[in-house]
Amino acid sequence: MKIVVLAPCLLSPFYVYRGPKDKEYTTSRELLNLLAKHVREIRVLTYPCPEYKLIGWPRPPMSREALEKLGISETARKILDFIERVLTEEKPEKVIFVGVKGSPTCGIFYTTSSDPEKFPYRIIEEFSCLNKKERIELSKELMEEQNFKVIPGEGVLFQILKKRFPEAIYLEFDKDNIEESLKQLEKHFKH
């Protein structure tokens, strides 16, 4: 048996910090189709979204450093305990972790970065009151103002996972390159 451990926003785009846009809906639809094709070969484990558990939804775009300042590391460790317990009990022959390119918590090879001292933390509560259109606009502004960068490195949760499960397969889903991400994932379903 293979267990595919998926970042929750890949299947349910409503976890995305600002709310879903077209690429999130497409990712979910295409990924669900791929999983359905391989339903006999795999089991799927999604875990609680670390950012949702820490801040709720919706939330402003935040870098890894800003989330660390708010305590995301402790939240990530609790989620790791859940994942570890499931994998220990199920004893899969193969584990495939699928993260999200550029995520501050679920990035595998790329995460986001900014100066945590310059983040306007007061905006978190205000952001949750905005409608979807307002959130998308403000998200763009915040990313520019905060000089958000996608940089090489792991998100908080996947940094811990890679140390705990070094033998697992790690794939990073790129919502801007859905087709290639699906091909990489399917390749590991077959072997």
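Just so you know, these numbers come straight off a predicted model, no measurement behind them.
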Is [X] reaching over with its side chain to a backbone N or O of [Y], donor-acceptor style, under 3.5 angstrom?
X      : Y      : result
Glu65  : Ser114 : yes
Arg135 : Leu130 : yes
Gln184 : Leu171 : no
Glu134 : Asn131 : yes
Ser113 : Lys149 : no
Thr111 : Gly107 : no

Note, [X] side chain near [Y] side chain (heavy atom, < 4.5 Å):
X      : Y      : answer
Tyr17  : Cys9   : no
Leu80  : Arg164 : yes
Tyr52  : Phe14  : no
Val100 : Leu10  : yes
Arg64  : Gln159 : yes
Thr75  : Lys78  : no
Ile96  : Val5   : no
Thr112 : Ile151 : no

Between Leu161 and Tyr170, does a side chain to side chain contact (heavy atoms under 4.5 Å, CB included) hold up when you go through it step by step?
CA-CA 10 Å; Leu161 284 169; Tyr170 291 88; 4.1 Å; yes
For the [atom1] atom of [X] and the [atom2] atom of [Y], what is their distance to the nearest 0.5 Å?
X      : Y      : atom1 : atom2 : answer
Phe127 : Met62  : CZ    : CE    : 11.0 Å
Lys133 : Leu138 : NZ    : CG    : 14.0 Å
Ile123 : Gln146 : CD1   : CD    : 10.0 Å
His38  : Phe189 : NE2   : CZ    : 6.5 Å
Ile72  : Ile55  : CD1   : CD1   : 6.5 Å
Lys175 : Ser103 : NZ    : OG    : 8.0 Å

The single option from Glu126, Glu51, Glu125 passing salt bridge (charged side-chain N to carboxylate O under 4.0 Å, His left out) against Arg59:
Glu51
Is it true that atom [atom1] of [X] has more than 12 heavy atoms of other residues, nucleotides or ligands lying nearer than 6.0 Å?
X      : atom1 : value
Lys132 : NZ    : yes
Phe148 : CZ    : yes
Glu89  : CD    : yes
Asp22  : CG    : no

Honestly curious: do [X] and [Y] fall in one hydrophobic cluster under the side-chain, below-4.5 Å linking rule?
X      : Y      : answer
Phe109 : Val95  : yes
Met143 : Tyr110 : no
Ile83  : Ile3   : yes
Leu54  : Phe82  : no
Leu45  : Ile79  : yes

Does this structure show an ion pair linking [X] with [Y], if we count only N-O contacts that are shorter than 4.0 Å?
X      : Y      : result
Glu137 : Lys140 : yes
Glu154 : Lys162 : yes
Lys69  : Glu117 : yes
Lys183 : Glu186 : no
Glu93  : Lys2   : no

Please report the closest heavy-atom contact between [X] and [Y], naming both atoms and the distance.
X      : Y      : result
Val156 : Ala76  : CG1-CB, 4.0 Å
Cys106 : Tyr47  : SG-OH, 3.0 Å
His188 : Ile169 : ND1-CD1, 3.7 Å
Tyr121 : Ala66  : OH-CA, 3.5 Å
Lys23  : Arg18  : CE-NH2, 4.3 Å
Val98  : Ile108 : C-CD1, 4.2 Å

Starting from the C-alpha separation in whole Å, work towards a yes-or-no answer on side chain to side chain contact (heavy atoms under 4.5 Å, CB included) for Tyr15 and Thr46.
CA-CA 12 Å; Tyr15 277 113; Thr46 59; over 6 Å; no
So Leu11 and Leu35, side chain to side chain contact (heavy atoms under 4.5 Å, CB included) or not? Walk me through it.
CA-CA 10 Å; Leu11 289 182; Leu35 294 172; 3.7 Å; yes
May I ask you to check whether Phe165 and Phe97 place their ring centres under 6.0 Å from each other?
yes
Is there a side chain to side chain contact (heavy atoms under 4.5 Å, CB included) between Leu6 and Leu31 once you walk through the steps?
CA-CA 10 Å; Leu6 288 170; Leu31 185 54; 4.2 Å; yes
